[in-house]
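Everything on this sheet refers to the single structure shown next.
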There are 2 protein chains.
Amino acid sequence: MSRPLPLLTGAPPAERADAARNRAALLEAAAELMAGCGVAALTMDAVATRAGVGKGTVFRRFGSREGLMASLLNHREAEWQAGVISGPPPLGPGADPLDRLLAFGASRLRLHRDQAALIEAAGAVWGENHAVLGFAALHVRLLLAELGVEGDLRYLATALIAPLGVPVLRQQIDHGQMTEAQVLDGWTELVRRVV
Amino acid sequence: MSRPLPLLTGAPPAERADAARNRAALLEAAAELMAGCGVAALTMDAVATRAGVGKGTVFRRFGSREGLMASLLNHREAEWQAGVISGPPPLGPGADPLDRLLAFGASRLRLHRDQAALIEAAGAVWGENHAVLGFAALHVRLLLAELGVEGDLRYLATALIAPLGVPVLRQQIDHGQMTEAQVLDGWTELVRRVV
DNA sequence: AATACAAGCGGACCACGGTCCGTTTCGCCT
DNA sequence: AGGCGAAACGGACCGTGGTCCGCTTGTATT
């Protein structure tokens, strides 16, 4: 009776001990491999071997290679979300909404640049994750509301977040000869026009 | 001496007759397969077999699967660009710049929705193609200039195009419970705020 | 402690994208 | 016409992502 009744817990009926151990081992193995040779080294076979388990186990735990990438990203994303919810201003609560919004953009730009390789490797699994885009969109939407912006805030939030996407940034900075600072200035100007 | 001198032609030193024949056969085979069973049926082996050539030939012509997809898209994209350059208003020249810009958005939305599967399958090859994003960005930039908008027009153009990207549309319409009409309304409102 | 059963595990197996290199074909030049 | 170099061809081959199914292990129950 030490574990909560199934009816009271969330959907997943808990994970068996060995499964949890393997998940941790796999994530660690993946992180090590990536530190060594980048995302290209993240072969399912390689990760499995390094963690000392069979390949089937990797797929059982993460569903696909993209799922594994998404799990690796989750750590950073969770940290970032924590910074938004309860971190220090101007990203966290307490600052002027406009300052928070601009800090959001700068922070998101940094995150996307730092994790670009993983995010691209995670592909659709990451993109379709409601907990990611959904959180950012909700946050921006609330800030827009605080700023007294009128109109379809759900759409405006999405439209402000879209130019911060990894492919767009890659195009602008890696191919379009813009600096990160110019991109951020551009985005700031965009925000000022919208609010 | 019937062919122009190499110095006068563009970079590619022309394509051999058999190569051109095979390219056409492969594109047709690919189009047929896609009409039958969607992008999933577009296996390199399947396309090659259907066209009656070896697999190596497909890679020689298109470089990769994504390259093949991009080539399939090129037809539609070229038609669309022609519509922008010399088609009837409001998309083509002759209408008020704002009307042209809004027509651009609507038209681009349609195109991206229609070709979504192919565009996603083309992945980076399509995204990095300057002739595609570059053209759209330049067009929007010119329209913004005509409208007398000030600021970093290059960035603003990109920022207006970003929310029309396939992944964003998919998120909004397929997962976010918005209709295409709502998305278009939202984009229109975004444009009005920016200009 | 013994039992029962679900959950997890492993690695052989498959399909597909991509490469490579010996052979064939094209098209120009004499 | 015949010869020659370059371009194109084809299909065997490889690595990787993903599936499948018989076996093992953990956990709840008595």
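Naming convention: chains lettered A, B, ... in sequence-line order (proteins, then strands); numbering from 1 in each chain.
- Relative orientation of the B:Trp80 and B:Phe135 rings is perpendicular, given thresholds of 30° and 60° on the angle between their planes.
- Below 30°, between 30° and 60°, or above 60°: for B:His130 and A:His175 the angle between ring planes is above 60°, a perpendicular geometry.
- Here D:dC9 presents its P atom at 8 Å from CD of B:Glu15, a figure rounded to the nearest Å.
- One can place CG of A:Leu42 at 16 Å from C1' of D:dG15, the figure rounded to the nearest angstrom.
- Nucleotide C:dG17 holds its P atom 7 Å from the NZ atom of B:Lys55, rounded to whole Å.
- As rounded to whole Å, 14 Å separates atom C1' of D:dG18 from atom CG of A:Leu68.
- Atoms CG and CG, from B:Leu27 and B:Leu68 in turn, are 7.0 Å apart once rounded to the nearest 0.5 Å.
- The side chain of A:Asn22 has C:dC9 as its nearest neighbour among D:dT27, C:dC9, D:dA12.
- B:Asp45 places its CG atom 14 Å from the C1' atom of D:dC14, with the value rounded to the nearest Å.
- A:Val166 and B:Leu169 fall into different hydrophobic clusters, where Ile, Leu, Val, Met, Phe, Trp and Tyr are joined by side-chain heavy atoms under 4.5 Å apart, directly or via other members.
- Cluster membership check: B:Leu144 shares its hydrophobic cluster with B:Leu98, using side-chain heavy-atom separations under 4.5 Å among Ile, Leu, Val, Met, Phe, Trp and Tyr.
- Proximity of a side-chain donor or acceptor of A:Ser107 to a complementary backbone N or O of A:Ala103 within less than 3.5 Å is not detected.
- For the pair A:Gly56 and B:Gly56, nearest-nucleotide mapping onto DNA chain C gives the more 5' position to A:Gly56.
- DNA chain C is contacted by both B:Asp18 and B:Phe59; B:Phe59 maps to the nucleotide lying nearer its 5′ end (nearest heavy atom per residue).
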Using a cut-off of under 3.5 Å, enumerate the N/O to N/O pairs linking the protein to nucleotides 2-7 of chain C.
from  : atom 1 : to      : atom 2 : distance (Å)
C:dA7 : N3     : A:Arg16 : NH1    : 3.0

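- Here D:dG17 presents its C1' atom at 16 Å from CG of A:Leu26, a figure rounded to the nearest Å.
- The phosphate of C:dG10 (OP1 or OP2) has a side-chain N or O of A:Thr57 nearer than 4.0 angstrom.
- Rounded to whole Å, the distance from CZ on A:Arg21 to C1' on D:dT24 is 14 Å.
- Taking a 6.0 Å sphere around CZ of B:Arg110, one finds it holds more than 12 heavy atoms contributed by other residues, nucleotides or ligands.
- Here D:dC20 presents its P atom at 16 Å from CE of A:Met44, a figure rounded to the nearest Å.
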